[in-house]
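Shown next, in structure tokens, is the structure this report addresses.
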Amino acid sequence: MPKLNLKIIIYIMGLLLLCNGGFMLLACVASIIYKDGAITELAGASFTTMLVGLILMFITKKHKKELKQREGYIIVTFGWIFMTLSGMLPYLFTGSIDNVTDAFFETMSGYTTTGATILNDIEILPHGVLLWRSLTHWIGGMGIIVLAVAILPLLGVGGMQLFAAEAPGPSADKLKPRIADTAKRLWLIYVGYTLAETILLSVAGMSVFDALNHALSTLSTGGFSTKNASVAYWNDDPVIQYIIIVFMFLAGTNFVMSYFSFKGQIQKVLRNEELKWYFIFIAGLTLISSVIIYFQADPSLSSIDHPMVWGEYESAFRHSLFQVISVITTTGFVSADFTMWTPFLSMLFFGLFFLGGSAGSTSGGVKVVRHIIMIRNGITEFKRTLHPNAVLPVRYNGKAIQGKIVFNILGFFIWYLLVFIIGAVFLAYLGLDFESAIGGAASSLGNIGPAYGMLSPVDNFDALPDAGKWWSAFLMLTGRLELLTVLIIFTPFFWRNR
């Protein structure tokens with residue numbers, strides 16, 4: 001294996017820091033508008049980040065413009081880490097979070113669009129810091145889209161090759177043209193959806209600031225809110241919650257499908273099996289949940305901040321739909337404490353932690369397409385047992401899937417379960433009870449946000465010991481970057497020069 005092109009890796013890290021510092025200036029604008037007293041600290045964080053980025057770019061400006069697969073893995077993983085380290089500065093400089101462990105956790109939760117928080121009173125934070133929290137989601141969400149549809153398929157990670165051909169860009173194998181072309185198209189869709197939701201939420205009754213923040217969090221399937229009660233704060237405003245539901249659904253779909261829709265290629269969208277099953281899962285699980293809530297759930301235990309009108313089925317349906325979509329898309333917004341709805345629904349929602357939205361979306365988790373392929377492969381194995389000499393390929397979207405992709409997906413799922421088990425065991429070792437340990441591990445790895453036990457929707461991750469926060473941050477990063485992208489860096493053969 002040839003030596004690493006370290007200069008281009010450092011150059012790209014510098015570029016990321018420069019962009020990150022630029023986004024911090026938007027938080028400065030919010031601080032100026034609302035006169036929250038944090039402008040000096042936010043500006044200092046921004047200029048510090050940009051200065052470091054410029055220095056890194058300057059000292060490596062003479063680099064070979066050649067990016068190979070190994071450099072790709074390093075840039076993806078360490079890019080998220082560098083962004084997190086610099087993204088901590090607004091919290092530390094303003095004193096909103098006063099220690100590195102908590103700041104790193106909150107920032108990693110933001111960029112990985114997990115939405116778990118250690119903050120006990122969000123509403124006292126300066127407006128500039130609140131906007132920065134939401135921006136970390138939005139930046140991470142856009143990065144995930146580009147990764148999923150442009151980079152990871154070329155790296156052969158986790159079966160992502162399945163929809164690589166659908167990405168709206170040239171079919172060339174070179175990394176740079178594909179990223180540039182794909183990012184330009186998807187960026188416009190991402191920005192357009194964000195602006196549309198901001199306007200609709202404002203019209204529906206949210207303040208412009210709250211609307212912008214929730215739009216940034218929704219489209220990234222992040223889950224950070226400006227209110228301590230999350231979206232439950234607007235339980236008396238069904239229109240606001242339905243608007244968020246619609247955009248959570250869109251954010252959980254493959255953004256390539258949105259591209260095809262805007263191009264008028266509706267047949268491609270309607271024939272997409274992942275989108276079909278994504279919709280079926282949401283519809284079926286919402287129906288089951290809403291019926292059970294309406295007839296069985298104790299309303300006194302189900303609301304976080306505002307009592308719900310349980311005399312009407314609409315309320316049960318809305319909260320069921322909201323929480324099903326929020327968990328499946330790994331957004332993590334909360335309209336009610338779903339862990340208190342009934343033991344059956346608690347188990348059902350825990351299972352949803354492992355579903356995930358569509359591949360090529362901003363959602364985390366295993367993804368619907370992988371479940372489809374694994375189930376179909378299992379059914380095909382039954383057929384092969386009866387007909388050992390028959391050629392029985394696994395099909396998806398009407399096409400036979402290569403065996404190596406099926407094995408890749410099965411390998412991914414095995415590693416996902418293994419990392420989940422190790423993650424839960426370590427949290428239990430740190431002193432968490434069984435429910436909190438498995439909930440915290442599943443939530444962090446799947447980038448969900450709220451979990452179970454001491455990490456439930458009415459609590460937060462501040463109760464974790466410091467070691468648990470660092471471990472959960474690692475699980476967030478590993479799950480967000482499709483596991484193998486991070487785990488391969490820990491293998492000795494990855495670093496050997498041959």
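What you see is a predicted model; the values in this text were computed from it and never measured. Below, all heavy atoms of this structure are taken into account, side chains as well, without hydrogens, waters or symmetry copies.
Remark: the Gln323 side chain and the Ser335 side chain contain an N/O donor-acceptor pair separated by less than 3.5 Å. Side chains of His127 and Ser31: a donor-acceptor N/O pair is absent below 3.5 angstrom, by distance only.
The aromatic rings of Trp187 and Tyr190 are tilted relative to each other, their planes meeting at an angle between 30° and 60°. Taking the six-membered ring where the residue is Trp, Tyr193 and Phe262 present tilted rings, their angle falling between 30° and 60°. A tilted orientation is assigned to the rings of Phe420 and Phe350, their planes being inclined by 30° to 60°.
Legend: residues meeting side chain to side chain contact (heavy atoms under 4.5 Å, CB included) with Ser86, ordered by chain and number and at least two apart, are Leu17, Asn20, Thr49. Applying the side chain to side chain contact (heavy atoms under 4.5 Å, CB included) rule to Ile375 yields the partners Ile379; only residues at least two apart in sequence or on another chain are considered.
Stacking of Arg370 on the aromatic ring of Phe412 is recorded, both the 6.0 Å distance cut-off and the 45° axial limit being met.
Each of Phe247, Trp234, Phe224 was scored for a ring pair (Phe, Tyr, Trp, His ring centres under 6.0 Å) with His214, with one residue passing: Trp234. Screening Thr114, Thr113, Thr362, Thr221 for a side-chain hydrogen bond (donor to acceptor under 3.5 Å, both in side chains) involving Asn447 leaves a single residue, Thr114.
Formation of a donor-acceptor pair under 3.5 Å by the Tyr278 side chain with backbone atoms of Phe249 is found in this model. Checking side-chain atoms of Tyr242 against main-chain N and O of Phe322 turns up no donor-acceptor pair under 3.5 Å.
Ring pair Phe105/Trp470: centre-to-centre distance not below 6.0 Å.
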Quick one: side chains of residues 352-360, donor-acceptor pairs under 3.5 Å with protein atoms, not counting sequence neighbours, listed by atom name and distance.
{"from": "Ser358", "atom 1": "OG", "to": "Gly252", "atom 2": "O", "distance (Å)": "3.2"}

*Test salt bridge (charged side-chain N to carboxylate O under 4.0 Å, His left out) on Arg376 and Glu273 and set out the steps.*
CA-CA 12 Å; Arg376 288 189 176 171; Glu273 292 191 46; 2.3 Å; yes
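No more than 12 heavy-atom neighbours from other residues, nucleotides or ligands sit within 6.0 angstrom of CH2 on Trp277.
Annotation: side chain of Thr194 is not in contact with side chain of Glu197 (no heavy-atom distance under 4.5 Å).
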